[in-house]
Amino acid sequence: QVQLVESGGGFVQTGGSLRLSCAASGITFSDYSMGWFRQAPGNEREFLATISRSGKTIYYADFAEGRFAISRDNTKSTVYLEMNSLKLEDTAVYLCAARDKMSGSMWARDYNYWGQGTQVTVSS
């Protein structure tokens with residue numbers, strides 16, 4: 001069974017940092033491009049970043065560039081999202097997604113598998 005499990009969320013003060021992880025099982029991880037999205041109640045799912053299968057090609061949402069960094073370790077079947085200078089508006093459920101044998105995408109509908117998400121709450 002395919003599983004994507006996010007971890008690393010929690011409570012953080014404005015200006016702080018978090019490192020999220022997403023561990024995959026049940027897939028050949030290196031065959032999948034990976035993405036990070038977030039969703040707050042009442043909002044649409046929002047694209048954050050995507051990384052190619054090799055880890056060499058990365059794209060960010062414009063607002064995320066410079067504050068967020070995506071990376072992957074194929075030996076650990078894990079993709080990461082480092083978040084810095086966190087703001088109140090970053091509060092959301094953060095989800096990772098996997099896309100089989102294709103390049104990454106900014107569109108949630110293009111991904112094959114999703115994790116359950118990890119909550120990030122930013123407070124002042």
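Quick note: numbers below take in every heavy atom, side chains included, and nothing from hydrogens, waters or symmetry partners.
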Which residues share a salt bridge (Lys or Arg N to Asp or Glu O under 4.0 Å) with Glu46, sequence neighbours left out: Arg38

Results of salt bridge (Lys or Arg N to Asp or Glu O under 4.0 Å) for Arg45 - residues two or more places apart only: none

Within residues 67-77 or reaching into it, pairs that qualify as side chain to side chain donor-acceptor pair (under 3.5 Å) - sequence neighbours excluded: Arg67-Asp90, Arg72-Asn74, Asp73-Thr75

Side chain to side chain donor-acceptor pair (under 3.5 Å) partners of residues 2-13, not counting sequence neighbours, each pair once: none

Ser54 side chain to Lys56 backbone, donor-acceptor under 3.5 Å: yes

Pairs involving residues 49-124, ordered by first then second residue, that meet disulfide (SG to SG under 2.5 Å) (sequence neighbours left out): Cys22-Cys96

Where at least one partner belongs to residues 26-92, residue pairs that pass disulfide (SG to SG under 2.5 Å), sequence neighbours excluded: none

Which residues pass the side-chain contact (heavy atoms from CB on, under 4.5 Å) test with [X], not counting sequence neighbours?
X      : answer
Phe47  : Phe37, Thr50, Ala61, Met106
Glu65  : Tyr60
Ser123 : none
Ala23  : Thr78

Salt bridge (Lys or Arg N to Asp or Glu O under 4.0 Å) contacts touching residues 114-124 (sequence neighbours left out): none

Closest non-hydrogen atom pair between Leu18 and Val12, with its separation: CD1-CG1, 4.0 Å

Smallest separation among heavy atoms of Arg99 and Asp110, with atom names: NE-O, 3.1 Å

Would you say that [X] contacts [Y] through its side chain, given a criterion of any heavy-atom pair below 4.5 Å between the two side chains?
X      : Y      : result
Tyr94  : Gln119 : no
Phe63  : Leu48  : yes
Val120 : Leu20  : yes

Contacts of Thr14 that satisfy side-chain hydrogen bond (donor to acceptor under 3.5 Å, both in side chains) - sequence neighbours left out: none

